[in-house]
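Just below is one structure, and these are the notes that go with it.
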Amino acid sequence: MIFLPKSENTPPCLEIEKQKANGTYNCEGVLEALRNDFYNKCYICEDREPHSINIEHFVPHKGNKDLMFAWENLFYCCSHCNNNKLARAVFDEILNCTIETDGVDIKIKYEIDPFPGEKARIIALENNNKVNNTVRLLNEIYNGTTTLKKIESANIRNKLLSEIRKFQDLLFEYVNDDYNQEEKIEFKRKIIQQLRPTSNFTAFKRWIIRKSEYLRPDFEEFI
Ligand SMILES: [Zn+2]
């Protein structure tokens with residue numbers, strides 16, 4: 001999870017649908033705006049271009065029309081994460097990735113070793129309900145709970161591991177003295193691209209940089 005600011009203006013179709021007796025928040029303008037704001041990534045697992053997309057109510061609406069149609073309450077989520085979040089009431093109170101001060105990728109550490117079958121390690125760096133609930137949710141998302149969810153989680157982790165390996169290759173190329181200055185600049189450009197919010201599983205990549213005293217000075221300003 002990383003900070004992803006949402007556009008401020010409510011898509012007009014949401015206001016129109018709210019006025020209808022059987023209106024839907026699932027209108028085209030909402031989907032387009034969410035896809036742009038969240039860079040076509042699930043806000044929880046950070047999987048880019050997920051196969052299944054749900055519009056999630058960050059605070060469950062429980063039939064409340066205002067919460068159901070509140071623009072700031074609508075999030076872009078894959079069905080694996082949406083189902084998992086809905087499964088437990090404690091997940092109604094988690095860090096909000098659209099609020100910068102919630103610090104979703106600073107108050108939580110994201111790690112995975114790039115070897116087959118490795119589990120993700122999600123670690124709380126602050127001790128409070130919101131942080132602890134978010135960490136519990138993310139551990140379930142990446143590592144699975146039920147037999148079915150464990151398969152879905154393993155599929156997400158396979159994509160994550162492949163991304164981390166590609167990122168690791170770039171980092172090794174960047175520090176390799178066989179390359180000239182011009183080539184190194186190109187590697188640096190690619191690494192910076194991977195640290196942007198548009199990238200897949202950005203939180204894990206940013207933590208590789210944060211943890212490395214060797215790489216941090218060159219890339220800190222980009223995370
Ligand atoms: Zn997800």
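Note that ligands are numbered from 1 as they come in the structure, with each ligand's atoms numbered from 1 the same way.
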Inter- and intrachain pairs under ring pair (Phe, Tyr, Trp, His ring centres under 6.0 Å), touching residues 1-36, at least two apart: Tyr25-His57
Output field: ring centroids Phe58/Phe75 closer than 6.0 Å: yes
Results of side chain to side chain contact (heavy atoms under 4.5 Å, CB included) for Asn155 - residues two or more places apart only: Ile151
Tyr76 and Glu56 side chains, donor-acceptor separation under 3.5 Å: no
Angular separation of SG (Cys81) and SG (Cys42) seen from the Zn ion (ligand 1), to 10°: 110°
N/O/S from Cys77 sitting under 2.8 Å away from the Zn ion (ligand 1): no
His80 near the Zn ion (ligand 1) via N/O/S, less than 2.8 Å: no
